Structure formats: structure tokens, C-alpha cells
2 protein chains.
Amino acid sequence: MQSRTPAGRTGRPRNAAADAAILAATRAALVELGWSKLTLGDVALRAGVAKTTLYRRWAGKNELVVDAVAELFDELTLPDRGSLAADIEGVVLQFATILTRPEARNGLMAVVAEAARDDALRERIRASIVDRQKRLVLAGRARAQARGELPPAPDTGEAARTVDLIFDMVAGAVVHRTLVSAEPADEEWVHGFTRVLLSGLAAAGP
Amino acid sequence: MQSRTPAGRTGRPRNAAADAAILAATRAALVELGWSKLTLGDVALRAGVAKTTLYRRWAGKNELVVDAVAELFDELTLPDRGSLAADIEGVVLQFATILTRPEARNGLMAVVAEAARDDALRERIRASIVDRQKRLVLAGRARAQARGELPPAPDTGEAARTVDLIFDMVAGAVVHRTLVSAEPADEEWVHGFTRVLLSGLAAAGP
DNA sequence: GCATTACGCTACGACCCGTAGCGAAAGCAC
DNA sequence: GTGCTTTCGCTACGGGTCGTAGCGTAATGC
């Protein structure tokens, strides 16, 4: 987040509610205007704050939209559907559902594109979106191990690489399906995709 | 392309060389400035044409960059490495190599992001980049069938869906690995990825 | 009360956009 | 050659956004 007023600090404290209002206004502007036509002046107007206030909290459009979009993915949870395959399918479907929302479609790829030339921004995306959601993979694996579907303690280095691969495949495929192919990542598609993914992981593991 | 001067047409013909110069200048500007700081005035200056000429041929930044980036992917070829798996691995590696180039990284995701709110642009991307490269999948399958690695004539509807799925998985995973995770999609990674993909397709097929 | 910080507001130069208007150039038909 | 048509380069323009500076005011802690 952006506005943590340092603790032992004098002076007027920041209006915490303004942060939420600004991020909500950013998402609303993303829906109505998309990335390229979104202006900070308009966001400030929607949020009911002065443009200068917005600039005091965020460095620019990129950072603002990253924070606004990151909140969307906090809705993700790991459903308990009884098996590893079904759990994963559930998460992928949730992810696909979030990507149907215009504020996610319009914002996510744009900041990723900007991050191609901005290391700090890419790190911000990784920290507040990607790595933040890797908890799902870890939780899923832990639950599967408890169920006995996976061996308890695989090689840590190999395991980390596998987590990264899974993430790239899941997020990449869903995003490409949704935003480039522009076809719905519906239940049927998600089912076929996770079947290929899990079969491949199982077969290629040993 | 943009500048096909209609055949039975009178008047001064368009300078065909200008198209190539403009697209090359666009790629150069993408490398140096990235998407957001790229301006059409600057591209025109680099290409040695007037800004008005550029606007007569392309509707705007989005369309221009799509065409400039699309040319990059025409370099893709289907190598003959002896087996379906090796061929696919070769193509994926070529794709990953193209994505290491800054003009591709900076341009591709940006236009995809813009396409989220622009149906015509998305269609242009599909036609001039995605569908245009599906030739590789078709050629690979044909060659594999000739080798006897695949049955000669699968169900057409199911086959088309599988091609789409392969495309979403390959392009999505490589792009996510390269641009979001910001890790190199090198030979080792590509090898592991294609192994999972092909194992999954083989196991989930029947 | 006093220092300090946040806030809203206004104004500003800088930049880019996309278009209009013009004269000149380069083809084709005759 | 003479026209006709279309492209090209150039200049200029209004409109919009950017990011910042400056100022007076509001809200805290000491």
C-alpha cells in the first residue's frame, strides 16, 4: 500500500479513507475509460480529492493502477473440493472470473506492459500481485500432502521451480485465452486445461 | 499491411519504401522509449516522413505498433529436429528468443492491453499475429502425421479446440515467464515446459 | 500556542494529439 | 506536352494532459 503514515510522526495525519476512495475511483475509471484514456485528474475528481493529494501518495499512473488491480486478486481463495485436481480447477476458474471484470482486463496487461521498461514497477507487480497469490499454490500443495495425494517433502529447489512453472502456465494460459484469443475461460475450458496441466505434471515429474 | 495502393488507381502512388521505414522507426522508438513515451511525431521524424503522412496510413499508435511488432514474428520457422517434441521445443524456443528483444517486449503487451477495449484492434492482432502463426501448429501436426507420430485425421472440431488450447498455453506461458516473472525462458525452462505440455496432451487426449 | 504535516485550490509551462490548409511532386490518360 | 488525381512535406492550430509550485487552511502532537 501507499499511505502508511509513519508511526512516531507529528503533523496532520493522512486521511486513510482517501486511499480506498482513490483506488475505488481508479477501478471505476478503468471500467469506463480503459487504461489509455484514464487521467489522474479524472481519478482525483471521482475520488473527491485534489489532484495534488493523489500525486503526494502515488508516483504516477502505473503505481496507482497496480495497487488498484492488486486488491482484486485478494478475493481468491482455495476452495475445498475434495481433490487436488478439483481444488486447482476451482482456483483457476476464480482467476478466470476475475479476469472477466473490465477493471482487471483493462488494467492488468497495461501495467505489465509498462513494467517491461521499469524494474521498480515490475518488482511492485511481483510483490503485490504475483508472489502474494502464490500462497494459493502453497496451500494447495500442503492440503494435497495432507490428503496423501503428493509426497510430503519434495526437493525444495525443484519444488520452487515447479511452483513457478505452474504459475506461469496457469496465469499465462488464462490471460492469453481471455485477453488475446478473447474467448471465455469458462468451466469447460478450465476443465480441459487443468486436465492437461495436471496430467503433464504427473507424467513429467519422474 | 496498411499501404496497399489500390490497383486501378490514378494519381501519385504511395512511396512503398516509407512503410518499411516507418515500421522500422517504430521498432527503434519502442526500443529507446518504450510504449508510453513513444510519440507519432518522433516516429515520423526518425522515418524521415511528415507526421501527416503517417496519419494518412495508420489510424493511430495502436495500429502502427501492431504492424511493427507483427513483422517480428514472421521470422518464426518450424525446425526439423526429428521428432514432434523436439520440433515444438524448437519453435517455443524461437518464440522465447523473439520475446527477449525489447521492441517485442515493449510493444506486444501494450497493444494487447489496448485491445481489451477495442474490438477492431483485437481482431487486427488476431489476424496479423496470432492466426498468422498458427501455420506453425498446422505444419507441425502435418509433419508429425507424416512421421506416424499422430493419427492422420482427428475429429476436426476437437482438433481446432486443441490447437487453440496449445496456442494459449504456449504463448501465455512464455509471455508470462518473460514479462511478468521476468525470468529468462531459456533452453532448460523451455525443455521442462514442453515436456509437461506434451505429456499432458498425450495423457489427456483419450 | 507552536511546529509540523496534510489538504484543497489555482495557475502554470511543457508536451503531445490529431487535423486543416497550402503548394509542390509524381504518376496516368489523352 | 496538358490536365487530373493523389501523395507528400510543411506549418500552424486548438484542445487536452502532465507534473509542479505556491498559497492559505485544517488537523494533529508537544
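What you are looking at is a predicted structure, and each value in this text was computed from that prediction instead of being measured. Within every chain, numbering begins at 1; the chains are lettered A, B, ... in the order of the sequence lines, protein sequences first and strands thereafter.
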Enquirer: Could you give the CG-to-P distance, from B/Leu40 to C/dT19, as a whole number of Å?
Expert: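 Distance, rounded to whole Å: 11 Å.
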Enquirer: Find the distance A/Leu38:CG to D/dT17:P and express it as a whole number of Å.
Expert: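 Taking CG of A/Leu38 and P of D/dT17, I get 11 Å after rounding.
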Enquirer: Of all the choices, D/dC18, C/dC7, D/dC8, which nucleotide is nearest to the side chain of B/Arg12 once you look at every atom?
Expert: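 Minimum distance to the B/Arg12 side chain belongs to D/dC8.
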Enquirer: Within less than 4.0 Å of OP1 or OP2 of D/dG9, is there a side-chain N or O belonging to B/Arg56?
Expert: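 Answer no for this pair, as no side-chain N or O of B/Arg56 is under 4.0 Å from OP1 or OP2.
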Enquirer: Between B/Glu32 and A/Arg117, is there a side-chain N and carboxylate O pair less than 4.0 Å apart?
Expert: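 A salt bridge is absent here (no side-chain N lies under 4.0 Å from a carboxylate O).
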Enquirer: Does B/Arg124 come within less than 4.0 Å of B/Asp118, counting only side-chain N to carboxylate O?
Expert: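 Between B/Asp118 and B/Arg124 there is no salt bridge, as every charged N stays at least 4.0 Å from the carboxylate O atoms.
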Enquirer: Among D/dC18, D/dA27, D/dC8, which nucleotide has an atom closest to any side-chain atom of A/Pro13?
Expert: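 Closest nucleotide to the A/Pro13 side chain: D/dA27.
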Enquirer: Does B/Lys134 pair with B/Asp131 as a salt bridge, N-O distance under 4.0 Å?
Expert: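 Here B/Lys134 pairs with B/Asp131 in a salt bridge, since their nearest N and O are under 4.0 Å apart.
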Enquirer: Checking contacts here: which listed nucleotide (C/dC17, C/dT5, D/dC10) is nearest the side-chain heavy atoms of B/Thr39?
Expert: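 Of the options given, the side chain of B/Thr39 lies nearest C/dC17.
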Enquirer: Whole-Å distance between D/dT17 P and A/Asn62 CG?
Expert: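 In whole Å, D/dT17 P and A/Asn62 CG are 18 Å from each other.
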Enquirer: On DNA chain C, compare the nucleotides closest to B/Gly11 and B/Lys37; which residue's is nearer the 5' end?
Expert: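 The residue closer to the strand's 5' end, by nearest nucleotide, is B/Lys37.
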Enquirer: Grab the CG-P distance between A/Leu54 and D/dT20 for me, whole Å please.
Expert: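 Distance, rounded to whole Å: 12 Å.
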Enquirer: Over how many whole Å does the gap from A/Asn15 atom CG to D/dT25 atom C1' extend?
Expert: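 Rounded to the whole Å, the gap is 16 Å.
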Enquirer: Looking only at side-chain atoms of B/Thr10, point me to the closest of C/dG27, D/dT7, D/dA27.
Expert: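 The listed nucleotide nearest to B/Thr10's side chain is C/dG27.
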Enquirer: Using a strict cut-off of less than 4.0 Å between a Lys/Arg side-chain nitrogen and an Asp/Glu carboxylate oxygen, indicate whether A/Asp80 and A/Arg147 qualify as a salt bridge.
Expert: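 A salt bridge links A/Asp80 with A/Arg147.
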Enquirer: Of all the choices, D/dA27, D/dG9, C/dC17, which nucleotide is nearest to the side chain of B/Lys51 once you look at every atom?
Expert: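 For B/Lys51, the side-chain atoms sit closest to C/dC17.
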Enquirer: Which residue is it: B/Arg132, B/Arg27, B/Arg101? I am looking for the one with a salt bridge (Lys or Arg N to Asp or Glu O under 4.0 Å) to B/Glu71.
Expert: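 Only match with B/Glu71 under salt bridge (Lys or Arg N to Asp or Glu O under 4.0 Å): B/Arg27.
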Enquirer: Between C1' on C/dG18 and CD on B/Glu63, what's the gap in Å once rounded to a whole number?
Expert: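 Between C1' of C/dG18 and CD of B/Glu63: 14 Å.
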Enquirer: Taking the nucleotide of DNA chain D with the closest heavy atom to each, which residue, A/Thr52 or A/Asp42, is nearer the 5' end?
Expert: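 Nearest nucleotide further toward 5': that of A/Asp42.
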Enquirer: Could you state the OH-C1' distance from B/Tyr55 to C/dG21, rounded to the nearest angstrom?
Expert: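 Computing the B/Tyr55:OH to C/dG21:C1' distance gives 17 Å.
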Enquirer: Find the distance B/Trp58:CH2 to C/dC17:P and express it as a whole number of Å.
Expert: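 So the CH2-P distance, B/Trp58 to C/dC17, works out to 16 Å.
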